[in-house]
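Right, one structure below, let's go through it.
Residue numbers count from 1 along this sequence.
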Amino acid sequence: MSRASALLLVAALTTGLLAAAPAGAAPASERRVVQGEVQHLVVELRTGAAVDVTLVVPDAGEAVPVDAEALEDVPAGATVRVVVEEPAAPADPLAVAEVLSLDVTAS
């Protein structure tokens, strides 16, 4: 993930720029396998509150924000293979993918 992509992701997460699901739409989700590097970020908001963000960053493609608790014991920089279920169009801009399974392939 390039620095610019990471900054855009953080900006979207903290300012609510991600698209919301239309009113009345049935929540849909998508399961997929992602393999990549774990990155743990802490973003401090102007209010002083902090937002913890954990990402799985594949070699190619977009970083996937995942449930931080599922990867709390995995060090930053480790390579993982995760099966995630992510909302197709999250209503919450801070929505993250649920980790269904986790394999640490390199640390």
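- Other residues, nucleotides and ligands contribute more than 12 heavy atoms inside 6.0 Å of the CD atom of Glu85.
- Contacts classified as side-chain hydrogen bond (donor to acceptor under 3.5 Å, both in side chains) and involving residues 95-107 (residues at least two apart or in different chains) are not found.
- Contact of the Leu71 side chain with the Val56 side chain is registered, since non-hydrogen atoms from C-beta on lie closer than 4.5 Å.
- A heavy-atom distance below 4.5 Å is found between the side chains of Arg31 and Leu100.
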Verdict with reasoning, Gln35 to Val80, per side-chain contact (heavy atoms from CB on, under 4.5 Å): CA-CA 6 Å; Gln35 182 165 339; Val80 297; over 6 Å; no
Kindly indicate, with the supporting measurements, whether the criterion side-chain contact (heavy atoms from CB on, under 4.5 Å) is fulfilled by Val74 and Leu102. CA-CA 10 Å; Val74 179; Leu102 164 68; 4.0 Å; yes
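- The only member of Val34, Val96, Thr54, Val53 that meets side chain to side chain contact (heavy atoms under 4.5 Å, CB included) when paired with Val66 is Thr54.
- Closest approach of Pro58 and Ala63 over heavy atoms only: CD-CA, 4.1 Å.
- Inter-residue side-chain proximity for Val38 and Leu55 is flagged as unmet; no heavy-atom pair is nearer than 4.5 Å.
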Could you give me the CA-CA distance, side-chain angles and deciding distance for Arg32 and Glu86, then say whether side-chain contact (heavy atoms from CB on, under 4.5 Å) is met? CA-CA 8 Å; Arg32 65 183 178 129; Glu86 54 190 347; 2.4 Å; yes
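- The hydrophobic cluster containing Val64 also contains Val82, counting ILVMFWY residues as joined when their side-chain heavy atoms lie under 4.5 angstrom apart, directly or transitively.
- Counting heavy atoms from C-beta on, the side chains of Val104 and Thr79 never come closer than 4.5 Å.
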